[in-house]
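Working notes for the structure below.
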Amino acid sequence: MNNKDLARQVVQSSSFGKTNSAYPGQNMGLSLDQVKNLVDNAKKVQGVSFTSAIGTVTPNIQLPATAKMIKGFCFAGSYLNTDSFDLLINEEKVVSTGSVQAFAASTGKPLNAYFELARPVASSTAITLNYVSTGANTVLFQVVYM
């Protein structure tokens, strides 16, 4: 073991059991790289709330440039049972005429609290939701990503 590795080991062991506000995982004995990896790969949620109208509404959905992969999505709010949607990711129709009720968080909530849909993304990824409704309601669409 060289001097640099030995110094890192001493610094890491000295922080064990202490709270580091910048990287709280270090108080569990994790290295700084392990904590950064944990944060980078943690699931995050981006939600958009919109009011549906009679016809088609296309809300603006943007993930942060740091997003690497979409893990899934779900709907919540006061949707109508007859509402449907098309979900496009980079112009590829991922869900075509899907039932909002079937993908709602309140409908037999899935184990993860969202419906899985794994898709890699980049900063230029375009997510388009075409929401078709027969009435005005407040709807929440959530995308889970990492």
Side-chain angles (χ1 to χ4, degrees), residues 4-5 8-9 11-146:
K4 196 171 187 178
D5 290 336
R8 282 187 184 134
Q9 188 177 16
V11 170
Q12 287 174 1
S13 64
S14 68
S15 66
F16 184 76
K18 297 177 183 169
T19 302
N20 180 340
S21 60
Y23 300 101
Q26 284 189 304
N27 65 354
M28 300 184 312
L30 300 176
S31 71
L32 186 58
D33 287 336
Q34 288 172 319
V35 173
K36 287 180 180 179
N37 188 38
L38 185 69
V39 170
D40 285 345
N41 293 317
K43 291 178 186 169
K44 300 159 187 80
V45 177
Q46 177 69 41
V48 61
S49 179
F50 61 95
T51 302
S52 68
I54 296 174
T56 303
V57 174
T58 305
N60 184 22
I61 302 166
Q62 293 182 338
L63 294 181
T66 57
K68 298 176 201 130
M69 176 170 280
I70 293 174
K71 301 295 284 178
F73 69 96
C74 72
F75 288 95
S78 59
Y79 54 87
L80 296 174
N81 293 342
T82 56
D83 290 357
S84 64
F85 70 100
D86 292 333
L87 181 64
L88 292 88
I89 300 175
N90 286 336
E91 301 301 322
E92 175 195 1
K93 211 173 241 192
V94 178
V95 178
S96 180
T97 318
S99 167
V100 173
Q101 183 181 17
F103 288 96
S106 61
T107 309
K109 197 173 203 175
L111 216 49
N112 295 327
Y114 60 87
F115 296 89
E116 292 188 27
L117 175 76
R119 283 284 193 273
V121 293
S123 60
S124 61
T125 297
I127 301 172
T128 306
L129 174 69
N130 294 320
Y131 191 95
V132 182
S133 183
T134 56
N137 295 299
T138 302
V139 180
L140 178 64
F141 179 71
Q142 297 181 133
V143 178
V144 179
Y145 68 95
M146 27 182 279

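Computed over heavy atoms, backbone and side chain alike; hydrogens, waters and symmetry mates excluded. Sequential numbering from 1 along the given sequence is applied to the chain's residues.
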Open item on the list: Keeping S52 on the side-chain end and V132 on the backbone end, is there a donor-acceptor pair under 3.5 Å?
Closed with: no

- [ ] Hey, could you give me each pair passing side-chain hydrogen bond (donor to acceptor under 3.5 Å, both in side chains) that has a residue in residues 132-146? Not counting sequence neighbours.
- [x] T82-T134, D83-S133

TODO: For N37, check side chain to side chain contact (heavy atoms under 4.5 Å, CB included) against everything at least two apart and list the hits.
DONE: N41

Task: Given F103, F141, Y79, the one that forms ring-ring contact (aromatic ring centres under 6.0 Å, His included) with F85 - done: F103

Task: Pairs where residues 117-143 contributes a residue and the test salt bridge (Lys or Arg N to Asp or Glu O under 4.0 Å) is met, not counting sequence neighbours - done: E92-R119

- [ ] Please examine the side chains of I127 and L87, heavy atoms only from C-beta on, and report whether any two atoms are closer than 4.5 Å.
- [x] yes

Open item on the list: Between Y114 and V45, is there a side-chain heavy-atom distance shorter than 4.5 Å?
Closed with: no

Task: For K93, all residues meeting salt bridge (Lys or Arg N to Asp or Glu O under 4.0 Å), sequence neighbours excluded - done: D86

For residues 53-72, please give each side-chain donor-acceptor pair under 3.5 Å, one per line with the distance, not counting sequence neighbours.
from, atom 1, to, atom 2, distance (Å)
T58, OG1, N130, OD1, 2.9
K68, NZ, D40, O, 3.3

- [ ] Could you pull out the closest heavy-atom pair between N90 and T125, with the gap in Å?
- [x] OD1-CA, 3.3 Å

Open item on the list: If I take atom CG from residue L129 and atom CZ from residue F50, how far apart are they, to the nearest 0.5 angstrom?
Closed with: 5.5 Å

Open item on the list: Applying side chain to side chain donor-acceptor pair (under 3.5 Å), can you list everything that pairs with K44, at least two apart in sequence or on another chain?
Closed with: none

